[in-house]
Amino acid sequence: MSKREENMSQILIKNGYVISMNKNREIFKNGSILIENDRVKAVGRVDPSLINSDVEVYNALGKIILPGFINTHVHLSQQLGRGVADDVVLLTWLRERVWPYESSFDYEDSLVSSTACCVELIKTGVTTFLEAGGQYVDAMAEAVEKCGLRACLSKSTMDEGEGLPKAWQKTTQEELDFQEELFKKYNNTAEGRIKIWFGLRTIFNNSDELIKGTKILADKYKTGIHMHVLEVKEEMDYTRATRGETTVEHMNRLGALGPNLVAAHTVWLTEREIDLFRLYDVKVSHNPGAAMKVVLGFAKIPEMLEKGIAVSIGTDGAPSNNRMDMMRDMYLTSLIHKGRTLNPKTVSAEQVLEMATINGARCALMEKEIGSLEVGKKADLIILNPDTIHSLPVIDPVANIVYAMSSENVESSMCNGKWLMKNREILFLDEKELLEKIKIQNKKVMDKAGIVIPDRFPVIEIK
């Protein structure tokens, strides 16, 4: 054996039902995957001559292997705020709960919150995610490096807007300069798993100068832009009143539309705005759980998919969805649009799986690297165990993943050729210790923020 071969780490996952999500959407029954270092070396039938003598073997008999899910809209810094804003109207949600909560954060709060969110993402089948913006990107980067995930991180960037906490009041140039510094410091760190994107929170909080400056920098550094777009109906009236046209039309006038823009939510797009998205290859993150819970409305997802727009799935943050569970949001994605269109074929199981994998990779600007199990691509994958009472029998595996399985079926997870979870056990930290940290840190944050959640029922403390 050569010195080069001696330095190669190999993992052979064999005897599984491999859903490749490659161009031809091939599925390999009794298939195998050979992983060498951080990449896929063979898929389907593996030539024995490619396998080293010291290869690690994982027997996936009776299990399903597929690309790791890509969550395209999540807030790491909101994880400790699970339950902080349930059953309230949007302005209460934002100004009285979430903004006071987030603006009270320090580095340690963000680190614990980010780590907790990463672990939940792993346990629900996610190997890559797009962070929609928080304040302590350095803490997010530390958590991502430790947890082994792939991530596109961005700062929550705002230079104007009513009701902004004092700590968040920054000038346009301050926001641009700080993000540029973050890019230079963290982009391509953690074995290349961390990418730094530029963030635009919403048009409510972003001046035209910030929008134009962000586009210039993102294009300069060949990276992405993450923005909440037309999440609420009120945005239509606001933008028409302040800019004289709808949000997307105005961004088009500013030259801000392009293939490196991920627009989250997009609930209130007009037909013309959908056409502008198609024209400029703007990417979309659909967040069905958050949209239903915060009562945002129904995004025109079937119409976008029909026009070839890259639509993916995101969970949003814990205060608006409560669970960072991609499999639950995959289920919701298909159901709510069937119900809206009264057509059982709308947003099929195949389309949902594409949204969660290869479309997510397009949105992350990484379709050449991830999103499918193909030779030369990164070894990002998950293994599902269908042997649970809620998912058997498995008659149609693809449909079963979307309609019957849950995150409980995610047995093992790998990113960049390294195991993150095996047999439901997180490998890089003590999960019990993390659970205790979450409880302690949450109380600290709630006390600092001064948020008191009223009891729903009479509470009697027994002493």
### Task
Return the orientation label for the His73 and His75 ring planes: parallel under 30°, perpendicular over 60°, tilted otherwise.
perpendicular
Tell me whether [X] is salt-bridged to [Y], with the criterion being a basic N under 4.0 Å from an acidic carboxylate O.
X      : Y      : answer
Asp86  : Lys293 : yes
Asp109 : Lys444 : no
Arg323 : Asp329 : no
Glu369 : Arg193 : no
Lys422 : Glu425 : no
Asp106 : Lys448 : yes
Arg201 : Glu102 : yes

Side-chain donor or acceptor of [X] paired with backbone N/O of [Y] under 3.5 Å:
X      : Y      : answer
Asn260 : Thr223 : yes
Arg25  : Asn22  : yes
Ser413 : Leu420 : no
Asp325 : Arg328 : yes
Thr247 : Leu230 : no

### Message
Any donor-acceptor pair under 3.5 Å linking the side-chain atoms of Asn59 with those of Asn15?
### Response
yes
Interatomic distance, [X] atom [atom1] to [Y] atom [atom2] [nearest 0.5 angstrom]:
X      : Y      : atom1 : atom2 : value
Glu142 : Thr189 : CD    : OG1   : 11.5 Å
Leu384 : Ile19  : CG    : CD1   : 7.5 Å
Glu120 : Met326 : CD    : CE    : 12.5 Å
Thr357 : Glu367 : OG1   : CD    : 12.5 Å

### Query
Hey, would you say the Phe183 and Trp197 ring centroids sit under 6.0 Å apart?
no
### Query
Taking the six-membered ring where the residue is Trp, are the ring centres of Tyr136 and Phe105 under 6.0 Å apart?
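No, the ring of Tyr136 stays outside the 6.0 Å limit from the ring of Phe105, centre to centre.
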### Query
Of the options Val18, Ile35, Ile370, which is the one that meets Leu381 in a side-chain contact (heavy atoms from CB on, under 4.5 Å)?
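So the option named by the test is Ile35.
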### Task
Run through Leu121, Leu76, Ile122 and flag the one making a side-chain contact (heavy atoms from CB on, under 4.5 Å) with Met324.
Leu121
### Query
Taking everything shown except Tyr107 itself, do over 12 heavy atoms lie less than 6.0 Å from its OH?
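Correct, the count exceeds 12.
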### Query
Applying ring-ring contact (aromatic ring centres under 6.0 Å, His included), which residue pairs with at least one partner in residues 323-358 are found, sequence neighbours left out?
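Passing the test, one end in residues 323-358: His286-His337.
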